[in-house]
Amino acid sequence: MNTKRLLLRFLPRYAVGRILIYAQLMRVEKPIGTLLLLWPTYWAMWVAAEGHPGYTIFFAFTIGTFLMRSAGCVINDFADRNFDGAVERTKNRPFARGQVTKAEALLLTLILCLLAAMCLVPMNTLTWLMSVPALFLAMTYPFTKRFFPLPQFYLGLAFSFGIPMAFAAITNSVPPITWLIFVANALWTLAYDTIYAMADKEDDLKIGIKTSAVTFGQHDIAAVMLCHFWFTALMVVLGLQIGATWPYWLMLPVTVWWQINQYRAIKTRDRQVCFRTFLENNRIGLAWFLGLVGHYLWKLV
């Protein structure tokens, strides 16, 4: 039984319709954004806790990340409500089709943020303090596309704040290694989200939205690969700092090979190929996470 039929058994048809529209606003059916947020947060959790973050922190951050990513998607559609209809990839979003009001979107954003805040209830004061810039960045990112030449870099900062929050929750401190992972993830985000922006480049040029793909121009591919290079270099530094064992280092040639394949793919500049390549970054985040898990398990042997 699909989700819609299940909801119809217990709720009026109108309520089901609104729930499905809100779910679309939250990108529930597209978990890639949540996963790309979760992997660096998990990296930080495993490093901070040396492989044993505990169930409370693990589930609190997992649920909180889903809720904040959902809130970010809603506020993004609110900010882009006058542009999405002109972009091929986004023309069927709820705002572009007139299926949702501004008040509904803002109220949904507020509810999601409050639910995410509830995930912080068991956390210490430092974690709460770290959540303030995280919330600010998440809520303001969509509006940077109007004036900031590299909104994907701004997104990288927003996507990285789960890292200091994880260290704060586990160690009640934010040591230097936190910012090593933070910078690495910001560079990785800039790389994969520039690829994402390449898929929309033609439309964005027409409507005047600023993106890293537009700003880098003909050097967009070089910029992507440069970010990938420094991201990987910093992950090597991270491995050296934690005294990583072979499971971690096994992921290095794997991710480098995937990055080389990304270069080959985006050279086509085909929008569908670029979008698929963006999605493939999920496995890079997973690979480094598995490397960290394997490293800490190996140390127990």
| query | Thinking salt bridges, do Lys145 and Asp204 make one under a 4.0 Å N-O criterion? | reply | no
| query | Do Trp39 and Asn282 get their side chains close enough for a donor-acceptor pair, meaning under 3.5 Å? | reply | yes
Quick one: side chains of residues 212-223, donor-acceptor pairs under 3.5 Å with protein atoms, not counting sequence neighbours, listed by atom name and distance.
residue, atom, partner, partner atom, Å
Ser212, OG, Gln152, OE1, 3.1
Ser212, OG, Thr194, OG1, 2.7
Thr215, OG1, Pro149, O, 2.5
Thr215, OG1, Thr211, O, 3.1
Asp220, OD1, Arg269, NH1, 2.9
Asp220, OD1, Arg269, NH2, 3.0
Asp220, OD2, Lys201, NZ, 3.3
Asp220, OD2, Arg269, NH1, 2.8

Show me the donor-acceptor pairs, under 3.5 Å and distance only, between side chains in residues 106-122 and residues at least two apart or in other chains.
residue, atom, partner, partner atom, Å
Thr109, OG1, Ala105, O, 2.9

| query | If every non-hydrogen atom of Pro253 is compared with every non-hydrogen atom of Trp249, which pair is closest and at what distance? | reply | CD-O, 3.2 Å
| field | Glu104 and Thr101: side chain donor to acceptor below 3.5 Å | value | yes
| message | Whether the Glu280 and Asn261 side chains hold a donor-acceptor pair (N or O, under 3.5 Å, no angle test) is what I'd like checked. | response | no
| Those residues that, when tested against Arg27, pass salt bridge (Lys or Arg N to Asp or Glu O under 4.0 Å) (two or more places apart) | Asp77
| query | To the nearest 0.5 Å, what is the distance between CE (Met130) and CD1 (Ile163)? | reply | 12.5 Å
| field | Exam field: side chain Arg81 to backbone Phe78, donor-acceptor pair closer than 3.5 Å | value | yes
| Quick one: CD1 on Ile21 to CZ on Arg97, what's the gap to the nearest 0.5 Å? | 8.5 Å
| field | Residue list, side-chain contact (heavy atoms from CB on, under 4.5 Å) with Glu29, at least two apart or on another chain | value | Gln24
| message | One thing to verify: whether Asp203 and Arg271 come together as a salt bridge, which I'm taking to mean a side-chain N less than 4.0 angstrom from a carboxylate O. | response | yes
| message | Side chains of Tyr42 and Thr62 only: does a donor on one sit below 3.5 Å from an acceptor on the other? | response | yes
| Pairs meeting criterion ring-ring contact (aromatic ring centres under 6.0 Å, His included) with involvement of residues 147-172, two or more places apart | Phe161-Phe182
| Under 6.0 Å between ring centres, would you say that holds for Trp43 and Phe289? | no
Name every donor-acceptor pair, under 3.5 Å, that has one atom in a side chain of residues 294-301 and the other anywhere in the protein, sequence neighbours excluded.
residue, atom, partner, partner atom, Å
His295, ND1, Thr245, N, 3.0
His295, ND1, Thr245, OG1, 2.9

| said: Parallel, tilted or perpendicular: which one describes the rings of Tyr192 and Trp188, with boundaries at 30° and 60°? | reply: perpendicular
